[in-house]
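All remarks here apply to the structure that follows.
If you read the sequence from its start, that first residue is 1, and numbering goes on from there.
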Amino acid sequence: MIRTRWSWGSNSSRPAPATLPLRFYKGPSNTGTHTANLWSSTGTLLATATFTNETASGWQQVDFATPVTITAGTTYVASYHTSGNYSADPNLFSSAVSNGPLTAPSSASIGGNGVYAYGSGSLFPTDTYNATSYGVDVLFRPQLAA
């Protein structure tokens with residue numbers, strides 16, 4: 001299980017439903033079934049999905065079945081479970097990484113980002129090593145008001 005912590009920034013503190021596709025970078029030796037998870041910062045599972053129609057390598061993406069309501073200024077955890085190999089980019093989280101309204105905080109500022117856990121299923125991981133990114137990312141698409 002590999003994860004990235006990120007938080008949504010906005011001028012509003014109101015909860016907002018959003019579609020949050022999750023993706024991970026897959027190397028050619030990372031085979032088997034992959035499961036995406038979205039967690040609260042305390043380990044409550046908010047959404048899960050299984051990746052389908054994966055390519056042999058490159059970015060793999062999955063949508064959660066229903067939009068997840070997220071709140072500005074709140075930290076969430078995106079993770080995927082793999083039974084094999086994984087990609088790693090040491091020190092990527094030595095600084096914060098931002099893209100639009102999403103920010104993956106630096107590892108030092110939140111007690112570890114780019115953390116992992118070893119296990120046979122989807123676990124909320126807490127181990128960290130060297131501010132490493134394991135190629136997990138989310139995309140933010142706000143839901144339009146009806």
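Closest heavy-atom contact between G114 and Y134: O-CE1, 3.0 Å. Considering every non-hydrogen atom in both T132 and P90, the closest pair reads OG1-CA, 3.5 Å. Residues G27 and S87 share a closest heavy-atom pair of N-OG, 4.1 Å. Here the closest non-hydrogen pair linking A49 and V62 is CB-CG2, 3.8 Å. Contact between T31 and S83 at its shortest, heavy atoms only, is O-OG, 4.0 Å.
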Item to complete: Apply side-chain contact (heavy atoms from CB on, under 4.5 Å) to T33 and T50, showing your working.
Response: CA-CA 8 Å; T33 302; T50 301; 3.8 Å; yes

Worksheet entry | Derivation of the side chain to side chain donor-acceptor pair (under 3.5 Å) call for T103 and S98 | CA-CA 4 Å; T103 297; S98 294; 2.9 Å; yes

Worksheet item: Between W39 and Y76, does a side-chain contact (heavy atoms from CB on, under 4.5 Å) hold up when you go through it step by step?
Response: CA-CA 6 Å; W39 310 83; Y76 298 88; over 6 Å; no

Worksheet entry | L45/N37 under side-chain contact (heavy atoms from CB on, under 4.5 Å): CA gap, chis, key distance, verdict | CA-CA 7 Å; L45 184 61; N37 296 290; 3.5 Å; yes

Discussion item. If you apply the rule side-chain contact (heavy atoms from CB on, under 4.5 Å), what do you find for N130 with N91, and how did you get there?
Written reply: CA-CA 6 Å; N130 203 26; N91 290 312; 3.3 Å; yes

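The same ILVMFWY cluster, assembled from side-chain heavy atoms under 4.5 Å apart, contains both V138 and Y86. Note on V68 and V136: same hydrophobic cluster, where clusters join Ile, Leu, Val, Met, Phe, Trp and Tyr whose side-chain heavy atoms are under 4.5 Å apart, directly or indirectly. Residues L46 and L22 share a single hydrophobic cluster, defined by chaining ILVMFWY side chains whose heavy atoms lie under 4.5 Å apart.
Aromatic rings of F51 and F24 (six-membered ring for Trp) have centroids within the 6.0 Å cut-off, being under it.
The closest side-chain heavy-atom distance from L38 to V77 is not below 4.5 Å.
The NE2 atom of H34 sits 12.5 Å away from the OG1 atom of T52 when rounded to the nearest 0.5 Å. Note that OG of S133 and CG of D89 are 5.5 Å apart. Values are rounded to the nearest 0.5 Å. Rounding to the nearest 0.5 Å places OG of S79 at 15.0 Å from OH of Y116. Separation of atoms OH (Y25) and OH (Y80) is listed at 11.5 Å; rounding is to 0.5 Å.
A donor-acceptor contact shorter than 3.5 Å links the side chain of N30 to the backbone of N85. When atom types are taken as modelled, the side chain of Q61 and the backbone of W59 share no donor-acceptor pair closer than 3.5 angstrom. Distance alone, capped at 3.5 Å, places no donor-acceptor pair between the S122 side chain and the H81 backbone. Side-chain atoms of S40 come within 3.5 Å of backbone atoms of T44 as a donor-acceptor pair (strictly under, hydrogens ignored).
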Under 3.5 Å donor-acceptor pairs involving side-chain atoms of residues 104-111, not counting sequence neighbours:
unit_1 : atom_1 : unit_2 : atom_2 : d
S106   : OG     : S109   : N      : 3.2
S106   : OG     : S109   : OG     : 3.2
S107   : OG     : N113   : N      : 3.0
S109   : OG     : S106   : O      : 2.9

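Residue pairs meeting the salt bridge (Lys or Arg N to Asp or Glu O under 4.0 Å) criterion with at least one member in residues 49-60, sequence neighbours excluded: K26-E54.
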